[in-house]
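Heads up, the thing below is written out as structure tokens.
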Amino acid sequence: MPGPREAWSTGDRALSAGKLMLAWVALLWLLEVVDVATGHALDRFGITPREPSELTDVIPSAFVHFGFAHLMSNTLPLLVLGFLAALSGLRRFLLVCALIVLVDGLGVWLISPAHTNTAGASGLIFGLFGFLLVTGFVERRPWGILAGVLITAIWGGSILSGLAPTQTAISWQGHLLGLLAGVAAAFVFRRRVTPDSVEGSWSPR
């Protein structure tokens, strides 16, 4: 018989996911306000490829943006995709995000063009898209498959355009690496559903 912690209602999950993503986005906006107020001092936390000292910026770079227009373009997809991904459990969601940010950041550091500075939440957004796209198929969950199809219908065109190497104003490398990291996260943190557990459990592979 499931205990209180296992018997979370859909409303509880949605409320927790919503609070987390609103707080996440609020933090990004606060950081950009600080960045502008300090003459864009936080831009140095972006990733400059293949500089050993820049490895410390792999994670902070996902929280820094180059202006409010950059941040605004990332806000809505991060809110929506993050909310949907967090519905499967906050701990799992945070692990998925950590994997995406780490793999994406290291990949950008390794393969992006020299003398560039890459920052922003778009790598994470592409990763969450990849995670939501395949996790329903990986776990054989009809609702997850449906969610992946709907997300593709809404954002698929934007995702494809963001992967085009011809776009010089964006880091298509970061987008591609984030997408691949998100797909990998769907396998690494896939859940096993047991007859006596509505929640299921995830198991690293």
Side-chain angles (χ1 to χ4, degrees), residues 20-21 23-79 81-82 85-86 91-133 155 158-189 204:
L20 174 61
M21 292 317 302
W24 193 312
V25 169
L27 173 62
L28 298 186
W29 279 87
L30 175 61
L31 289 173
E32 189 55 32
V33 169
V34 172
D35 185 44
V36 171
T38 56
H40 299 286
L42 299 185
D43 288 356
R44 66 185 180 87
F45 290 103
I47 301 172
T48 301
R50 293 171 294 285
E51 293 286 341
S53 61
E54 292 291 302
L55 287 171
T56 58
D57 294 332
V58 163
I59 294 177
S61 65
F63 296 85
V64 176
H65 289 80
F66 300 134
F68 286 111
H70 182 203
L71 175 55
M72 191 173 298
S73 68
N74 283 338
T75 294
L76 181 60
L78 180 60
L79 267 175
L81 298 178
R91 183 178 69 163
R92 182 196 193 200
F93 170 72
L94 292 175
L95 289 171
V96 166
C97 289
L99 178 63
I100 293 170
V101 169
L102 183 61
V103 171
D104 183 56
L106 288 174
V108 166
W109 180 87
L110 187 63
I111 71 171
S112 284
H115 311 300
T116 57
N117 187 21
T118 302
S122 58
L124 176 59
I125 290 168
F126 275 69
L128 292 173
F129 175 88
F131 174 77
L132 290 168
L133 177 65
W155 271 295
S158 298
I159 293 296
L160 286 176
S161 65
L163 298 175
T166 55
Q167 296 207 37
T168 57
I170 62 173
S171 174
W172 66 267
Q173 298 93 341
H175 293 171
L176 176 60
L177 290 164
L179 180 66
L180 295 176
V183 172
F187 287 90
V188 174
F189 298 113

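Minimum heavy-atom separation, Q173 to P113: NE2-CD, 3.3 Å. G123 and D104 make their closest contact through CA-OD2, 3.5 Å (heavy atoms, listed as atom of the first residue, atom of the second, distance). Nearest heavy-atom pair, D57 versus F45, reported as atom, atom and distance to 0.1 Å: CB-O, 3.2 Å. In terms of heavy-atom proximity, S61 sits nearest to G46 at CB-CA, 4.1 Å. Nearest heavy-atom pair across H70 and S73 is O-OG, 2.7 Å. Scanning both residues, I100 and G127, for their nearest heavy atoms gives CD1-C, 3.5 Å.
The CH2 atom of W109 lies 4.5 Å from the CG atom of L55; values are rounded to the nearest 0.5 Å. Rounding to the nearest 0.5 Å gives a distance of 11.0 Å between CD1 of I159 and CG of L176. Taken from CG in L133 to CH2 in W155, the straight-line distance is 13.5 Å, to the nearest 0.5 Å. Distance CG/L177 to CG/L163: 10.0 Å, rounded to 0.5 Å. Atom CD of E54 and atom OG1 of T118 lie 10.0 Å apart (nearest 0.5 Å). The distance from atom CG of L106 to atom CD1 of I111, rounded to the nearest 0.5 Å, is 11.5 Å.
Annotation: side chain of L128 is in contact with side chain of C97 (closest heavy-atom distance under 4.5 Å). Side-chain contact between N117 and F66 is present, with at least one heavy-atom pair separated by less than 4.5 Å. Looking at heavy atoms from C-beta onward, V64 lies out of side-chain contact with L31 at the 4.5 angstrom threshold. Using a 4.5 Å cut-off on side-chain heavy atoms (C-beta onward), H175 and F129 make no contact.
Every residue two or more places apart in sequence or in another chain that forms a side chain to side chain contact (heavy atoms under 4.5 Å, CB included) with L94 is listed here: L20, W24.
None of N74, D43, T75, D35 except one satisfies the side-chain hydrogen bond (donor to acceptor under 3.5 Å, both in side chains) rule with H65; the exception is N74.
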